[in-house]
Undergrad: 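I have a structure I would like to understand better, so I am pasting it below and will then ask my questions one at a time.
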Amino acid sequence: MSLDKRPTGARAWQRMLSGRRLDLLDPSPMDVELSDIAHGLARVARWNGQTFGDHAFSVAQHSLVVEQVFRLQNPGCSAVDCQMALLHDAPEYVIGDMISPFKAVVGGGYKAVELRLEAAIHLRFSLPPHPTATLKSLIKKADTISAYFEATRLAGFSEAEAKKFFGQPRGITAEMIPIRPMATAEAQALFCARFDEIEALRHKS
């Protein structure tokens, strides 16, 4: 089905706790709220919930780790770059965290929806619709490092297996990042707090 053709009689929007109705096929920046993003991401589990610990390792916490690794690896990065790193998985507050093997099966339709949501989210916060290819590559590197430590510390991967899929992290150790799974409320609050810190830096510059 084309993403531009709405299924007859089907609802193509999701109601958020803020009261917004976000159209999945044509998302508007006006219907994006940080509170909804933080709430949703704190309740979406990485690795389909197949992790050790009393709490799921949420996408909100993963986003915090990725942004922290990104800063450590790119000390001269701008606040805009950091904000896009923090929001790199923000569309998942709507579409969930689909594991990579399933994304490969689903194909292009998922990616098209993800890109539209990314653009709406970025525009809502006065960011470019999408990161440049260079910035995207740097964020992906930080994302992969986070995935390595999540895999080995939380998801039962051996180091050899994780190196095969994610590579060997260099210059970053597990002790440098908040890898212990947090309670939902804590991850949600920290995500909002970090967003606000970066916003303050953006308005300073």
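For the numbers below, each heavy atom of this structure counts, side chains included, while hydrogens, waters and symmetry mates do not.
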Undergrad: So, for Pro91 and Leu117, which heavy atoms are closest and what is the spacing to 0.1 Å?
TA: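 For Pro91 and Leu117, the tightest heavy-atom pair comes out as CB-CB, 3.8 Å.
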Undergrad: Please output the side-chain donor-acceptor pairs of residues 165-173 that fall under 3.5 Å, not counting sequence neighbours, one pair per line with the distance.
TA:
from, atom 1, to, atom 2, distance (Å)
Gln168, OE1, Lys163, NZ, 3.2
Thr173, OG1, Glu175, OE1, 3.4

Undergrad: Look at the side-chain heavy atoms of Ile, Leu, Val, Met, Phe, Trp and Tyr, link any pair under 4.5 Å apart, and say whether Leu24 and Leu123 land in one connected group.
TA: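 No, it is not one cluster - the side chains of Leu24 and Leu123 are not joined through contacts under 4.5 Å.
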Undergrad: Look up atom CD in Glu92 and atom OG in Ser58, then write down how far apart they are to the nearest 0.5 Å.
TA: 11.0 Å
Undergrad: Is Tyr93 close to Val59 at the side-chain level, that is, under 4.5 Å between some pair of heavy atoms?
TA: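 No, every pair of side-chain atoms sits at 4.5 Å or beyond.
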Undergrad: Would you give me the side-chain donor-acceptor pairs under 3.5 Å for residues 144-159, sequence neighbours excluded?
TA:
from, atom 1, to, atom 2, distance (Å)
Thr144, OG1, Lys140, O, 2.9
Ser146, OG, His62, ND1, 3.3
Ser146, OG, Glu150, OE2, 2.5
Glu150, OE1, Arg46, NE, 2.8
Glu150, OE1, Arg46, NH2, 3.0
Glu150, OE1, Trp47, NE1, 2.9
Glu150, OE2, His62, ND1, 2.6
Thr152, OG1, Tyr148, O, 3.0
Thr152, OG1, Phe149, O, 3.4
Ser158, OG, Glu161, N, 3.0

Undergrad: Counting distance only, does the side-chain N/O of His122 pair as donor-acceptor with the main-chain N or O of Pro128 below 3.5 Å?
TA: yes
Undergrad: Tell me if a side-chain donor or acceptor on Asp143 pairs with a main-chain N or O of Ile139 at a distance below 3.5 Å.
TA: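 Checked: no pair found.
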Undergrad: Rounded to the nearest 0.5 Å, how far does CG of Asn74 lie from CG of Asp81?
TA: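 It comes to 8.0 Å.
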Undergrad: Using the side-chain contact (heavy atoms from CB on, under 4.5 Å) definition, which of the options Asp89, Asp97, Ile95 pairs with Val44?
TA: Asp97
Undergrad: For the CE atom on Met176, are there more than 12 heavy atoms of other groups (residues, nucleotides or ligands in this structure) within a distance under 6.0 Å?
TA: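 Above 12, so yes.
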Undergrad: If you define the side chain from C-beta out and look only at heavy atoms, does anything of Lys141 sit under 4.5 Å from Gln73?
TA: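 A side-chain contact under 4.5 Å exists here.
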Undergrad: For Arg21 and Asp31, indicate whether the former's side chain and the latter's backbone hold a donor-acceptor pair under 3.5 Å.
TA: no
Undergrad: So which atom in Leu22 and which in Pro27 form the shortest heavy-atom distance, rounded to 0.1 Å?
TA: CD1-CB, 4.0 Å
Undergrad: Between the side chain of Arg116 and the main-chain N/O of Leu25, is any donor-acceptor distance below 3.5 Å?
TA: yes
Undergrad: Quick one, Val32 with Met16, criterion side-chain contact (heavy atoms from CB on, under 4.5 Å). Give me CA distance, side-chain angles, the key distance, then yes/no.
TA: CA-CA 9 Å; Val32 173; Met16 302 297 171; over 6 Å; no
Undergrad: Find the distance between CG (Leu135) and OG1 (Thr132) and round it off to the nearest 0.5 Å.
TA: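 The OG1 atom of Thr132 is 5.0 Å from CG of Leu135, to the nearest 0.5 Å.
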Undergrad: Are any of the side-chain heavy atoms of Met84 and Lys136 separated by less than 4.5 Å?
TA: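 Side-chain contact under 4.5 Å: no.
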Undergrad: Are Val80 and Arg202 close enough that some pair of their side-chain heavy atoms sits under 4.5 Å apart?
TA: yes
Undergrad: Would you say that His88 contacts Pro131 through its side chain, given a criterion of any heavy-atom pair below 4.5 Å between the two side chains?
TA: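 They are not in side-chain contact.
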Undergrad: Using side-chain heavy atoms (C-beta onward) and a distance below 4.5 Å, is Leu87 in contact with Glu118?
TA: no
Undergrad: Of all heavy-atom pairs between Ala56 and Thr51, which one has the smallest distance, and what is that distance?
TA: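 Distance-wise, the nearest heavy atoms are CA-OG1, 4.4 Å.
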Undergrad: Any non-hydrogen side-chain atom of Leu34 less than 4.5 Å from a side-chain atom of Asp196?
TA: yes
Undergrad: For the atom pair SG (Cys82) and CG (Leu201), what is the distance rounded to the nearest 0.5 Å?
TA: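 Answer for the SG-CG pair, Cys82 versus Leu201, is 8.0 Å.
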Undergrad: If you measure only the distance, is there a donor-acceptor pair under 3.5 Å linking the side chains of Ser18 and Asp36?
TA: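 There is such a pair (donor and acceptor under 3.5 Å, judged by atom type) between the side chains of Ser18 and Asp36.
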Undergrad: Minimum heavy-atom separation for Val66 and Ala85, please, with both atom names.
TA: CG1-O, 4.3 Å
Undergrad: Would a 4.5 Å heavy-atom cut-off, applied to side chains only, mark Val65 and Pro178 as touching?
TA: yes
Undergrad: Without placing hydrogens or testing angles, list every side-chain donor-acceptor pair under 3.5 Å for residues 180-195, not counting sequence neighbours.
TA:
from, atom 1, to, atom 2, distance (Å)
Gln188, OE1, Arg43, NH1, 2.7
Arg194, NE, Glu67, OE1, 2.9
Arg194, NH1, Glu197, OE1, 2.9
Arg194, NH2, Glu67, OE2, 3.0

Undergrad: Determine whether Ile179 and Leu72 fall in the same hydrophobic cluster, where Ile, Leu, Val, Met, Phe, Trp and Tyr are linked whenever their side-chain heavy atoms lie under 4.5 Å apart.
TA: yes
Undergrad: Between CD of Gln61 and CD1 of Ile177, what distance do you get to the nearest 0.5 Å?
TA: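 Rounded to the nearest 0.5 Å, the CD-CD1 separation comes out at 9.5 Å.
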